[in-house]
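Small disclaimer: the values here were computed from a predicted structure and weren't measured.
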Number of protein chains: 2
Amino acid sequence: MSPSPPPLDATQLGAYFALIEASSMLKHAVEQQLREAGDLSYVQFQILATLGDSPAGSRRMTDLADGVVYSRSGLTYQAQTLEKRGLVTRTPSPDDERSVVVTLTDEGRAVLASVFPGHVAVLDDLLFAALSRSDVEALADILGRARDHMRRTPPRSAGQRRRRKTPEEDPTPSRPR
Amino acid sequence: MSPSPPPLDATQLGAYFALIEASSMLKHAVEQQLREAGDLSYVQFQILATLGDSPAGSRRMTDLADGVVYSRSGLTYQAQTLEKRGLVTRTPSPDDERSVVVTLTDEGRAVLASVFPGHVAVLDDLLFAALSRSDVEALADILGRARDHMRRTPPRSAGQRRRRKTPEEDPTPSRPR
DNA sequence: TATTGTTATACTCTATAACTATA
DNA sequence: TATAGTTATAGAGTATAACAATA
């Protein structure tokens, strides 16, 4: 029948669960705070915050989508929502007529500012309260490397051509329906 | 009102972003694999996996909900979906007529088994490939502490709701029995 | 032809509230 | 009264494919 599953050891399992559970709980708490304080979803906050960190508070749709992994249409949906609320504007790019430049409005900045203190408070209470200085440094280092690696690694079923190594390992049990 | 709360320093910000981004990318990849390999969402996988680790493959709805933080109605929805697919059964509890016991079927176990190798492969490729042994140990330790702290910390603006305080029962944070 | 973005659409998931029934 | 679970329902979010306009 099925070959014995390539096992993770207890430490790996612990790291995986802790990562998923901690990030899930943290994100959940942060989402609640953002919703209450500024009626923003996490994605919307990410978009506004990205714009706030950009020169002139502006960014092209495509560049925004690169930072916030979702689909183009999903970004369009969010941009429309934010524009209706007056938090961003969308204007055709002068350089490339195909492009749309999204820009943070003053009101967008205001909402961002009004939400930020509570945001930081949640992080302090939930994440940093339990961690030492060196813990935080280690987290930033380790997870930063992990994130950079993931960014460089193509989705396994998308490229599908180049396998990395170990031809003995057969990872894809492709079982539709 | 307080003007500005203690801002986050660069390291804290780095740790926060790395945590959110890494977990987001990892979860996204895992969800894709679960969908392709077994047509499962992450929550559904968590439910099946939780049952798979439970005695007799059974658990009460409420106990399942405690492990998977969502609302009761959300769990009902998922349980119905899984039951329609024949992956779990739902039967009234003999002990307490109000309760419903969810049990993993053989087919549920089969799907779980068919999905698991690819699941592990994604973790190996995306998460563990970039990390040393001691990195993984540090992650498990630090994030484990963070998670435990979050579990103990009540939501800030929410009144404490359901709490099960049976002193003899349920003192274990992560892996019961 | 390739890229940028929008629209249309369908579907999944989650949350709230009202409800039933058991304890 | 409190707890266990379901139902009804509504809304947000996401993904895909077809599409238009520009490069």
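Atom pair A:Glu31:CD and D:dA12:P shows a separation of 14 Å (rounding to whole Å applied). Counting to the nearest Å, the P atom of C:dT4 and the CG atom of A:Leu75 are 13 Å from each other. Rounded to whole angstrom, the span from the CD atom of B:Gln78 across to the P atom of C:dA15 amounts to 11 Å. D:dA4 atom C1' lies 9 Å from atom CE of B:Met61, rounded to whole Å. One can place OH of A:Tyr77 at 16 Å from P of C:dT9, the figure rounded to the nearest angstrom. Nucleotide C:dT3 holds its P atom 15 Å from the CG atom of A:Asp63, rounded to whole Å. When rounded to the nearest whole Å, the span between NZ of B:Lys84 and C1' of D:dT6 equals 13 Å. Spacing between atom CD of B:Glu36 and atom C1' of D:dA15 amounts to 14 Å, rounded to whole angstrom units.
Under the 4.5 Å side-chain contact rule for hydrophobic residues, A:Val101 and A:Leu48 do not share a cluster.
In the model, A:Thr103 has a side-chain atom that pairs as donor or acceptor with a side-chain atom of A:Ser58 under 3.5 Å. Between the side chains of A:Ser132 and A:Asp135, at least one donor N or O lies within less than 3.5 Å of an accepting N or O. Side chain to side chain, A:Arg133 and B:Thr11 meet the donor-acceptor criterion of an N or O pair below 3.5 Å.
In terms of position on DNA chain D, the residue among A:Ser73 and A:Asp95 whose nearest nucleotide sits closer to the 5' end is A:Ser73. Map B:Pro94 and B:Thr81 each onto its nearest nucleotide of DNA chain C; the residue landing nearer the 5' end is B:Thr81. Nearest-nucleotide positions on DNA chain D place B:Asp96 closer to the 5' end than the other of B:Asp96 and A:Asp96. Mapping A:Arg98 and A:Gln80 onto DNA chain C by nearest heavy atom places A:Arg98 at the nucleotide closer to the 5' end.
Closest to the A:Glu97 side chain, of the nucleotides C:dT6, D:dG5, D:dA23, is D:dA23.
Donor-acceptor pairing under 3.5 Å, judged by distance alone, is absent between the side chain of A:Thr76 and the base of C:dT7.
Residue pairs meeting the side chain to side chain donor-acceptor pair (under 3.5 Å) criterion with at least one member in residues 15-26 of chain A, sequence neighbours excluded: A:Tyr16-B:Tyr42, A:Tyr16-B:His119, A:Glu21-B:Arg147, A:Glu21-B:Arg151, A:Ser23-B:Ser23.
Between B:Arg35 and the phosphate of C:dC11, there is no side-chain N or O to OP1/OP2 separation shorter than 4.0 Å. Neither OP1 nor OP2 of D:dC19 sits under 4.0 Å from any side-chain N or O of A:Arg72.
Within 4.0 Å of B:Ser99, counting heavy atoms only, lie sugar-phosphate atoms of the nucleic acid but no base atom.
By the side-chain hydrogen bond (donor to acceptor under 3.5 Å, both in side chains) test, B:Thr89 is found to be paired with no residue, residues two or more places apart in sequence or in another chain being considered.
Near DNA chain C, defined here as any heavy-atom distance below 4.0 Å, there are no residues from residues 37-57 of chain A.
The number of heavy atoms from other shown groups lying within 6.0 Å of CG (A:Asp9) is above 12.
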